[in-house]
Amino acid sequence: MKNNYWLLKSEPSTWSWDQMQQKKTTCWDGVRNFQAQKFMNQMKKGDLGFFYHSNIGKEIVGVIKVIREFYPDPTDETGRFGAVDVEAITPFKTPVSLARIKATPALHNLLLIRQSRLSVMPVENEIWEIIYKMGNEA
DNA sequence: GCCAACGTTGGC
DNA sequence: GCCAACGTTGGC
């Protein structure tokens, strides 16, 4: 079965791609949105995801991989929420900006555009291919 | 179970 | 810094 693709959003002031690369792996916790939680729950070990900088940069800056599947979020006392662990794989040669995504009609189905507040979302295979290619062009 | 009020996110 | 969109909470 083919891997699923995802997009994870983070504010660089909270957790940036630089930190992600330095630390290599991190616990993706603190997500308090049920829709995002549902998607995290569907992540499988080995799934790949884009890492997006919101607010500052507003661009996809690299690729991460899921290394640990859904487990209870250590930062959540209520026990309602979960987390996953992810690992930095590769930075994009050319970050793919939100403006560019918006300017590309083939990418208009991306939930990033249609639901800007969602912080974890699935990415369709075709969209993954297009953005991945854009990111790796010099 | 509905809905108003409130808080938060994120693009501009 | 503003504002629109949306999710969550709590009263009924």
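Numbered from 1 within each chain, the chains take letters A, B, ... in sequence-line order. These numbers come from the heavy atoms of this one structure, side chains and all, not from hydrogens, waters or symmetry mates.
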**Message:** Quick check on B/dG10: is either OP1 or OP2 less than 4.0 Å from any side-chain nitrogen or oxygen of A/Lys58?
**Reply:** no
**Complete:** In whole angstroms, the gap separating C1' of B/dT9 from CG of A/Leu98 amounts to 14 Å
**Asked** Please give, in whole Å, the distance from B/dG10 C1' to A/Ile56 CD1?
**Response** 11 Å
**Message:** Without decimals, in angstroms, what is the distance between A/His53 NE2 and B/dG11 C1'?
**Reply:** 16 Å
**Asked** Within this structure, what is the CG-to-C1' distance between A/Leu111 and C/dC6, rounded to whole angstrom?
**Response** 14 Å
**Request:** Write down the distance between CD (A/Glu11) and C1' (B/dG11), rounded to a whole number of angstrom.
**Result:** 12 Å
**Request:** Taking only the side-chain nitrogens and oxygens of A/Tyr52, find out if one of them lies under 4.0 Å from OP1 or OP2 of B/dG11.
**Result:** yes
**Prompt:** What residue pairs, at least two apart or across chains, pass ring-ring contact (aromatic ring centres under 6.0 Å, His included) with a residue in residues 84-114 of chain A?
**Reply:** A/Phe50-A/Phe92
**Message:** How many whole angstroms separate atom NZ of A/Lys9 from atom C1' of C/dG7?
**Reply:** 13 Å
**Asked** Minimum heavy-atom separation for A/Val31 to A/Ala36, with atom names?
**Response** CG1-CB, 3.6 Å
**Request:** Heavy atoms only: give me the nearest A/Arg68-A/Val84 pair and the separation to one decimal.
**Result:** O-CB, 3.4 Å
**Item:** Atom-pair distance (CD1 on A/Ile101; P on B/dC12), nearest Å
**Value:** 11 Å
**Message:** Strictly below 4.0 Å: does A/Gln115 bring a side-chain N or O up to OP1 or OP2 of C/dC6?
**Reply:** no
**Message:** Can a side-chain donor-acceptor contact be found between A/Thr78 and A/Arg32 if the only test is distance below 3.5 angstrom?
**Reply:** no
**Spacing between A/Asn55 atom CG and B/dG10 atom C1', to the nearest angstrom** = 5 Å
I'd like a list of close polar pairs between nucleotides 1-5 of chain C and the protein, N/O only, cut-off under 3.5 Å.
{"from": "C/dA5", "atom 1": "N3", "to": "A/Arg117", "atom 2": "NH1", "distance (Å)": "3.2"}

**Message:** Tell me if a side-chain donor or acceptor on A/Gln19 pairs with a main-chain N or O of A/Ser16 at a distance below 3.5 Å.
**Reply:** yes
**Asked** Are side-chain heavy atoms of A/Ile64 and A/Trp28 found at a separation under 4.5 Å?
**Response** no
**Prompt:** Of all the nucleotides listed (B/dC12, C/dG7, B/dG10), which has the minimum atom distance to the side chain of A/Asn33?
**Reply:** C/dG7
**Message:** Test: ring-ring contact (aromatic ring centres under 6.0 Å, His included). Region: residues 60-83 of chain A. Which pairs qualify, not counting sequence neighbours?
**Reply:** A/Phe34-A/Phe81
